[in-house]
Amino acid sequence: MSRIVELRDAAGLEITTRSGALVVIAEDGRVDIEVDGLQERAKRRQIWRERGRLHIRSGSGSNALTVKCPPGTDIGAGSDSGRVELRGDFGDVKLKSSSSTISVESARSAEAKTRDGKIDIARIHGRASAGTISGAIEVDQARSARAATVSGKIKMRRVVGSAEAMSVSGNIDIKSEGAGDISAATVSGAIKVRIPEHRAPEIKCHRKSGSLDVDCTEGNDLRITVATVSGAIKVGTH
């Protein structure tokens, strides 16, 4: 069932699903909200306004839910077991999933948390924050980024400013533009940090075992702090 709803004065969307997938699409030129996948005979209300937000609830079934909204919309979304996927350019987004993947194409800022799934964040104009227990975390582009996982790897392909990554048994790979401090810590995983050739960092390394490879000019342009118990550490340029 598809429904069209006026956004009116709502500051953003709050969306909750049970076991079905959630796909939110920011469409150019759209000024209203289109919802597809709601139950036809739901016993509880599925769309309502509360505290300046438009709330959408899928119900108790496992049907996939698709929501189309204007670009730049703020999104808060949660799923018990289905994947959460945001396509297009959004405002500030906060996403949760108990046991599935989360992906964000583009947003002003993003905060994503899941227990067992992978988190994939493409382009964030501001700060990206991600946390998971056993899934991998990937951030393509962000102004600043923070990521934490227990057993998954962390990869940041381009962070302009500060970057912070923590993992117990996963590898950490950070590529920075050198405009902010970098912190990376793991117990048994390897750590790789890359910065531009023209940046000279202050480097602090803490390790018990594992190789150490530093291939850049040291100075005080930024601070790089890395720590591992048994993994290799490599700090260099790109």
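The basis for the numbers below is simple: all heavy atoms, side chains too, and nothing from hydrogens, waters or symmetry mates. Quantities reported herein were computed from a predicted structural model and do not represent experimental measurements.
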Q: Applying side chain to side chain contact (heavy atoms under 4.5 Å, CB included), run through Glu85 and Glu105 and close with a yes or a no.
A: CA-CA 8 Å; Glu85 180 181 355; Glu105 184 175 344; over 6 Å; no

Q: Flag the pair Lys118 and Glu138 as a salt bridge only when some basic side-chain nitrogen lies within less than 4.0 angstrom of an acidic carboxylate oxygen.
A: yes

Q. What side chain to side chain donor-acceptor pair (under 3.5 Å) pairs are there with at least one residue in residues 201-220, not counting sequence neighbours?
A. none

(Q) Tell me if the CZ atom of Arg157 is crowded by more than 12 foreign heavy atoms within 6.0 Å. (A) yes

Q: Group every Ile, Leu, Val, Met, Phe, Trp and Tyr by side-chain heavy-atom contacts under 4.5 Å, then state whether Leu54 and Val23 land in the same group.
A: no

Q: Under the side chain to side chain contact (heavy atoms under 4.5 Å, CB included) rule, what do Thr149 and Ile154 come out as? Steps first, then yes or no, please.
A: CA-CA 8 Å; Thr149 181; Ile154 296 173; 3.6 Å; yes

Q. When you look at Ile56 and Trp48, which way does the side chain to side chain contact (heavy atoms under 4.5 Å, CB included) test go after all the steps?
A. CA-CA 7 Å; Ile56 301 170; Trp48 71 96; over 6 Å; no

Q. Closest approach of Thr114 and Ser100, non-hydrogen atoms and distance?
A. OG1-O, 2.9 Å

Q) Any idea which heavy atoms bring Ile124 and Ser109 closest together, and the distance? A) CG2-CA, 3.7 Å

(Q) Check for me, please, whether Val214 and Ile195 land in the same ILVMFWY cluster - side-chain distances under 4.5 Å, paths through other members count. (A) yes

Q. Checking Ser162 side chain against Gly180 main chain: does a donor-acceptor pair fall under 3.5 Å?
A. no

Q: Return yes if a side-chain donor-acceptor contact under 3.5 Å exists between Asp116 and Ser99, otherwise no.
A: no

(Q) Can you tell me if Glu50 has over 12 outside heavy atoms packed within less than 6.0 Å of its CD? (A) yes

Q | Min side-chain heavy-atom separation Lys68-Ile33 under 4.5 Å | A | no

(Q) Against Leu13, only a single residue in Ile75, Val5, Val93 fulfils side-chain contact (heavy atoms from CB on, under 4.5 Å); can you say which? (A) Ile75

Q | Any Glu14 side-chain heavy atom under 4.5 Å of Arg57 side chain | A | no

**Q.** No-hydrogen, no-angle side-chain donor-acceptor test under 3.5 Å, Thr66 and Asp36
**A.** no

Q. Are Val150 and Val229 linked, directly or through other ILVMFWY residues, by side chains that come within less than 4.5 angstrom of each other?
A. yes

**Q.** Heavy-atom pair of closest approach, residues Ile182 and Ser176
**A.** CD1-CB, 3.5 Å

Q: Verify the cluster assignment for Val168 and Ile133: are they in a single hydrophobic cluster under the rule of side-chain heavy atoms below 4.5 Å apart?
A: yes

Q. When clusters are formed by joining ILVMFWY residues with side-chain heavy atoms under 4.5 Å apart, either directly or through shared neighbours, do Val160 and Val139 land in the same one?
A. no

**Q.** Evaluation steps, side chain to side chain contact (heavy atoms under 4.5 Å, CB included), between His125 and Arg143
**A.** CA-CA 6 Å; His125 309 303; Arg143 180 68 190 177; over 6 Å; no

Q | Closest non-hydrogen atom pair, Asp32 against Glu6 | A | CB-CA, 4.5 Å

Q. Judged by modelled atom types alone, do Ser103 and Asp120 share a side-chain donor-acceptor pair under 3.5 Å?
A. no

Q: Please report the closest heavy-atom contact between Ile174 and Ala165, naming both atoms and the distance.
A: CD1-CB, 4.1 Å

Q) Are any non-hydrogen side-chain atoms of His238 and Glu177 less than 4.5 angstrom apart? A) yes

Q.
If you define the side chain from C-beta out and look only at heavy atoms, does anything of Arg194 sit under 4.5 Å from Lys234?
A. no

Q. Do the side chain of Arg49 and the main chain of Leu7 share a donor and acceptor less than 3.5 angstrom apart?
A. yes

(Q) Give me the atom names and distance for the closest heavy-atom approach of Gly82 to Ser97. (A) O-OG, 3.3 Å

Q.
Run the salt bridge (Lys or Arg N to Asp or Glu O under 4.0 Å) test on Lys94 and Asp74 for me, step by step, so that the C-alpha distance in whole Å, both residues' side-chain angles and the decisive distance to 0.1 Å come before the verdict.
A. CA-CA 9 Å; Lys94 293 185 178 182; Asp74 295 341; over 6 Å; no

